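Accompanying notes for the structure given below.
Order of appearance sets the numbers: ligands from 1, and atoms from 1 within every ligand. Here the structure is a predicted model, which is why all the values come from computation and not from measurement. Quick note: residue numbers are just sequence positions, from 1.
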Amino acid sequence: MSENQSDNNGEPDKNGAVHADLNGAAQQFRFRTERLEVASLEYNSTCSFRIGDQKYSGIQVVDVSATGLGLKSPEPIDLPTGAKLENFFFQHNGRTIWSGEAFLVYPQQESMLRFGVKFQGAPLSLQEIRFNDKVVEKQIGRTIELQAEYEAILPADWRAKVVTFYNVLLDIREHLEEHERKDPTGRWREPENSWRLCSAVFDKIWPSVCKLNEDLDEQAAGFDARQVELGLLFAQRLINLEFQVCEFLHRAYSKPQGYAGDYRMMELSQTNILAGDTLFARFLHYYSQHTSLGQTIKARAGVAYEAAKETISLDRPVRIMSLACGPAVELCRLLADVEHFPHPVEILLVDQDEDALRSCVTELHRVVAQRKDNPPVGFHCLHFSLRQIIAPKKGGERKLVQEVLSNVDLIYSMGLFDYLLQPLARRTTSKLFDLLAPQGRLLIGNLCRVPDSTWMMEYGVAWQLVYRKEEQMMDLGSGIEEKLDSLQVLRDRTGNCLFTDARRGE
Ligand SMILES: C[S@@+](CC[C@H](N)C(=O)[O-])C[C@H]1O[C@@H](n2cnc3c(N)ncnc32)[C@H](O)[C@@H]1O
């Protein structure tokens, strides 16, 4: 047998279909080119033409093909097939798409007002009609309307300040790109060099950019609902042209997990290594970390660190729970820092995001392994949500809450209550308080509104939080008075994160 032959009844090997076996249509044998139903488009189509001395206009177009139209007239037109339609204009939303001469291909039947025409000459592009309909008329048309609304509704000086902010970013990007070009050996890439370069730029711009953000925030505080809606569109559109290159800011805006403030953002806010392939991307990362609230994300972890350290120093085994733990950077630091663990420590990590738990526990294990003293620290990772803690379903959920998430010496949460409205936040506080062991401590962090950062978060990257003041933090404890030993509100070292600090009695 030769190489090209199979043992299939002596037939040669096939590389593709056998021509003789190919089929035509099973039923509809006449091929018709694509037809576009005008009803499926955003806007309407009409046409006008002349037959002899008679002018017809505003005739409705029902469907369109490359070579002709299906029309519907309000009244009968008595014409034979082949009649010439002169001065034929086909318009979509008032824009002429085709003009020339056409002729009647099928006339109206007795009771039907529909008829068909065929173009004489160049065919139409249906794709172009779709483009005109959707892109030109709808999208670009909306863009033009929107600019007029911005002008009419948003204060001119507010818009000017947004543009100033954008211009500053644009200039910085150009200068940093220039620096990259002048550094052919790429020394800027060294983490320490990137940090120094970015910090120099930040220090230079921050006093005026901080003021700009504060002014924008103050002015936006007086916006009505329509101004807020338009203001968000105006600012986000512009600012994100520059922000997209920064992983932190991009995540905040595009919300790959469906929400801003995911564990990866928390990792990025607390790392000393700036992320990004360009110096400008690294600058934006540095910028995000060094606005007031950027610094607070790092600083609030310090409060949880101290609380966990205090708990570990109790003269007995302890249990610590981090709710919405994210990367639990504070616990990683603590496990690296504490010199000696005289008693067992059980750490309960609770988060609704499996990736957060995976990343967090991997890092914690790495830190513990590096210590070489095999400390008596154990981890429970619970892929559990707040809802399951507040109202666990009968069975597995309830059992887990009763058996694992109870009798805890310290429960803390940061970056979760900032998304809860007051009634739910109060209810959650009560529920968590019930999970404490006697003399246990509940520590709940919540950011305050800080104009130099909050404007950019809301109007720059659509990151909306529930900012709280001291009264609201005290109010979180309003359902637990009877079981309290003490209730106070603490602040982190930046002063911009408040903590409801509730201690349980016996
Ligand atoms: C802003 S991060 C805070 C992480 C960490 N506490 C910190 O301060 O770095 C918010 C975390 O809350 C988690 N989270 C959000 N909604 C949750 C819910 N309903 N139940 C449990 N975790 C939630 C997210 O997955 C994310 O890891």
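Contacts of L416 with ligand 1, taken as heavy-atom pairs under 4.0 Å, involve the side chain alone. Contacts between C325 and ligand 1 below 4.0 angstrom, taking non-hydrogen atoms only, involve the backbone exclusively. Residue contacts with ligand 1 for F384 involve N, CA, C or O but no side-chain atom from C-beta outward (heavy atoms, distance under 4.0 Å). Contact annotation: for Q270 versus ligand 1, heavy atoms closer than 4.0 Å belong to the side chain alone.
For ligand 1, the atoms sitting less than 4.0 Å from at least one non-hydrogen atom of M414 are 3 (C), 5 (C), 6 (N), 8 (O), numbered in the order shown with element in parentheses. Counting the atoms of ligand 1 from 1 in the order shown, those under 4.0 Å from a heavy atom of D353 are 25 (O). Within the listing of ligand 1, atoms 1 (C), 2 (S), 10 (C) sit less than 4.0 angstrom from a heavy atom of G261.
Taking only non-hydrogen atoms, the option from G415, A324, A260 nearest to atom 4 (C) of ligand 1 is A324. Here atom 23 (C) of ligand 1 lies nearest to Q352 when heavy atoms of R300, H383, Q352, M266 are compared.
Donor-acceptor pairing under 3.5 Å is lacking for the side chains of N240 and Q236. Side-chain contact of Y263 with Q257: a donor-acceptor pair under 3.5 Å is absent, judged by distance alone. Inspection of the S292 and D452 side chains reveals an N or O donor paired with an N or O acceptor under 3.5 Å.
Using a 4.0 Å cut-off between charged side-chain N and carboxylate O, R142 and E149 make a salt bridge.
Taking the centre of each ring, F202 and Y287 come in below the 6.0 Å mark.
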